Amino acid sequence: MQVVKYVFQPHGDSRGQLVALEELKDIPFQIRRVYYMYDTGAGVVRGRHAHRSLEQILICIHGSCKILLDDGREKKVVPLERPCEGLYVANDMWREMYDFSPDAVLLVLASELYDEKDYIRDYDEFLKFIEERGGGN
Ligand code: T46
């Protein structure tokens, strides 16, 4: 499994850091939605699903968390702990977000509007989806 992590260029000066992200330049898709999660309780695991077509970039803009990626054959854990790093998560990747620090803010840039029908929330259904598409990447 190939983990695609972007390192964004901070524009730093004596005032601090600024990161600017433009669609189809810094982000490999058109950004149609932005959401973020914070105040995540200790021990909470979010996600536990894949998508039919949604692509996303996850950026932990404050604090830290871990992302488990599972392509149906292999699992990898990716720590997110720097606001200038973004993790690309393809649609056909089962994802779980966990181990949030109390101050964590996880920002997500998404290629599509919210659509519950795009979610695959059952793991066996996910494996079937991967199988029908010709196996894990
Ligand atoms: C994903 C991971 C990384 C909305 O109304 N609009 C939205 O755009 C989103 C993302 C969620 N919601 C509502 C639906 C639920 O009632 O917010 C509630 C929590 O959503 P969910 O349980 O899907 O959150 P996570 O953290 O499990 O998953 C989210 C995204 O939904 C998902 O696409 O890949 O973050």
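None of the values given here were measured: they were computed from a predicted structure. In each ligand, atom 1 is the first atom listed, and ligand 1 is the first ligand listed.
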(Q) Give me the nearest non-hydrogen protein atom to atom 33 (O) of ligand 1 as residue plus atom name, then the distance to 0.1 Å. (A) His51 NE2, 2.7 Å
Q. Who's the nearest protein heavy-atom neighbour of atom 3 (C) of ligand 1, and how far?
A. Met97 CE, 3.4 Å
Q. Which pairs count as salt bridge (Lys or Arg N to Asp or Glu O under 4.0 Å) when at least one residue sits in residues 97-115, sequence neighbours excluded?
A. Arg32-Glu112, Lys66-Asp99, Asp115-Lys117
Q. For Asp39, which residues count as a salt bridge (Lys or Arg N to Asp or Glu O under 4.0 Å) partner, sequence neighbours excluded?
A. none
Q: Give yes if a backbone or side-chain nitrogen or oxygen of Gly47 is under 3.5 Å from a nitrogen or oxygen of ligand 1, and no if not.
A: yes
Q: Output the list of atoms in ligand 1 that are nearer than 4.0 Å to some heavy atom of Arg95, sorted by atom number.
A: 1 (C), 34 (O)
Q: Kindly give the heavy-atom pair with the smallest separation between Cys84 and Val19, and that separation in Å.
A: CB-CG2, 4.3 Å
Q. Which residue owns the protein heavy atom closest to atom 23 (O) of ligand 1, what's the atom, and how far is it?
A. Arg121 NH2, 3.5 Å
Q) Nearest non-hydrogen atom to atom 28 (O) of ligand 1 belongs to which of Arg33, Glu112, Arg48, His49? A) His49
Q.
Please list the nearest protein heavy atom to atom 20 (O) of ligand 1 with its residue and the distance rounded to 0.1 Å.
A. Arg46 NH2, 4.2 Å
Q) For atom 31 (O) of ligand 1, what is the nearest protein heavy atom, given as residue, atom name and distance? A) Tyr119 OH, 2.5 Å
Q: Consider only side-chain heavy atoms of I, L, V, M, F, W and Y, link residues closer than 4.5 Å, and tell whether Leu80 and Tyr98 are in one cluster.
A: no
**Q.** Nearest-contact summary for atom 35 (O) of ligand 1 - protein heavy atom, Å
**A.** Tyr35 OH, 3.1 Å
Q.
Checking the side chain of Ser64 only, and the main-chain atoms of Glu81 only, is there a donor and an acceptor separated by less than 3.5 Å?
A. no
Q. Is the count of non-hydrogen atoms from other residues, nucleotides or ligands lying under 6.0 Å from Tyr36 atom OH greater than 12?
A. no
Q. Got a salt bridge between Glu85 and Arg82, using NZ or NE/NH1/NH2 to carboxylate O under 4.0 Å?
A. yes
Q.
Between the side chains of Arg33 and Glu23, is the shortest nitrogen-to-carboxylate-oxygen separation below 4.0 Å, so that they form an ion pair?
A. no
Q: Please could you name the atoms of ligand 1 that Met37 approaches to less than 4.0 Å, counting only its heavy atoms?
A: 26 (O), 35 (O)
Q: Give the residue and atom name of whichever protein heavy atom lies nearest to atom 14 (C) of ligand 1, and the separation in Å to one decimal.
A: Tyr114 OH, 3.3 Å
Q: Check whether any heavy atom of Glu116 sits under 4.0 Å from an atom of ligand 1.
A: no
